[in-house]
Amino acid sequence: MSKKRKIIIAGNWKMNKSIHEAEELTKGIKQLLGETSEVDVVVCPTFTALKSVGDIITNTNIKLGAQNMHWEAEGAYTGEISSSMLRDLYCHYVILGHSERRTYFGETDEVVNKKVKAAIAGNLIPIVCVGESLEQRESDQTKAIIKDQIEKSLAGLGEDLKKVIIAYEPIWAIGTGLTASPEQAQDVHAYIRGILEEMGGTDVAQAIRIQYGGSMKPTNADELLSQPDIDGGLIGGAALDANSFAGIVNAGIEK
Ligand code: 13P
């Protein structure tokens, strides 16, 4: 039986790959996944590689995403990029509130909330990241932290709530090789869906896709994606290789 929600697998390339390397990776992904329609496939390269990667995936089923944006439309914000600039490059998605942005660049839920609203207003689909640290998990704060992040990051969206994608990324599982067990992940995903139900009602909560992120790879993707409330993956390290990225996407087919 297939899921109600279409699986979405997105590669977050983080601060990796020169333009040339990004092009090579994209060509590999295109060859393996360019025709894939059963799963939504997204690649999120650095800003500098968006144009080159976008050109290669034109007329395929692979969509382009960015890793961050500013909430203002334009102006004196040195070093920043707006939603319309990303649309200019044919981006469909933007990752917002990644734990690395929260940790290293001080992004708060309030900042993420402004960005989510700006992304939606700019016709981008926000992939909003939430997740607890190891310390928070060990002191049994996971659900309180997640609830706070979801409620604040997605505050005041009204009808637009249904337009977001959420990525649950436990910080302790990012780039560490430690993956949340399918049961641990499912538990938090179901909890997130419950919060979404309180915020927007059953239909909205049932429609929103919730990705898992944190050391997802071809060998563990099948079990994770088989969980009832896991609707995709946000992939870091394993997205930097065409074969392993394709392996994860293929695990999502028929789910
Ligand atoms: P890894 O897949 O490298 O653990 O990274 C996950 C992530 O942060 C995706 O946004």
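Atoms within a ligand are numbered from 1 in the order they appear, just like the ligands themselves. It should be emphasised that the depicted structure is a prediction, and the values quoted were computed from it without experimental measurement.
- Interface of Asn12 with ligand 1, defined as ligand atoms under 4.0 Å from a residue heavy atom, comprises 9 (C), 10 (O).
- Between Ser215 and ligand 1 there is a heavy-atom distance shorter than 4.0 Å.
- Glu80 contributes no side-chain N or O that, together with a main-chain N or O of Tyr77, makes up a donor-acceptor pair within less than 3.5 Å.
- Checked by distance only, ligand 1 and Gly237 come closer than 3.5 Å through their nitrogen or oxygen atoms.
- Close approach of ligand 1 to Ala173 (heavy-atom distance below 4.0 Å) involves ligand atoms 4 (O).
- Protein heavy atom closest to atom 7 (C) of ligand 1, with residue, atom name and distance, is Glu169 OE2, 3.1 Å.
- Salt bridge status for Lys6 with Asp231: absent, with no side-chain N to carboxylate O gap under 4.0 Å.
- When hydrogens are left out, the protein atom nearest atom 2 (O) of ligand 1 is Gly236 N, 2.9 Å; that is the closest non-hydrogen contact.
- Ligand 1 has Lys14 within reach: a non-hydrogen atom of the residue lies less than 4.0 Å from it.
- With a 4.0 Å cut-off on non-hydrogen atoms, Ala167 does not touch ligand 1 at all.
- Which parts of ligand 1 touch Gly175 is read off a 4.0 Å heavy-atom cut-off, strictly below it: atoms 1 (P), 3 (O), 4 (O).
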Requested in this report: Please report the C-alpha distance between Lys115 and Glu107 in whole Å, then the side-chain angles of each, then the deciding distance to 0.1 Å, and finally whether the salt bridge (Lys or Arg N to Asp or Glu O under 4.0 Å) criterion is met.
Outcome: CA-CA 10 Å; Lys115 292 185 176 193; Glu107 282 195 15; 2.7 Å; yes
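- Heavy atoms from both the backbone and the side chain of Ile174 come within less than 4.0 Å of ligand 1.
- For ligand 1, the atoms closer than 4.0 angstrom to any heavy atom of Gly214 are 4 (O), 6 (C).
- Ser215 contributes no side-chain N or O that, together with a main-chain N or O of Ile174, makes up a donor-acceptor pair within less than 3.5 Å.
- The side-chain hydrogen bond (donor to acceptor under 3.5 Å, both in side chains) test applied to Ser139 returns Gln141, not counting sequence neighbours.
- Look at Ala239 and you'll find every heavy atom at least 4.0 Å from all atoms of ligand 1.
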Side-chain polar contacts of residues 117-126 - donor-acceptor pairs under 3.5 angstrom, sequence neighbours left out - could you list them?
| unit_1 | atom_1 | unit_2 | atom_2 | d |
| --- | --- | --- | --- | --- |
| Lys117 | NZ | Asn113 | OD1 | 3.1 |
| Lys117 | NZ | Ala155 | O | 3.4 |

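- When side chains are defined from C-beta on, Ile150 does not count as touching Tyr168, because their heavy atoms never get closer than 4.5 Å.
- Using a 30° and 60° split on the angle between ring planes, Tyr212 and His189 fall in the tilted class, from 30° to 60°.
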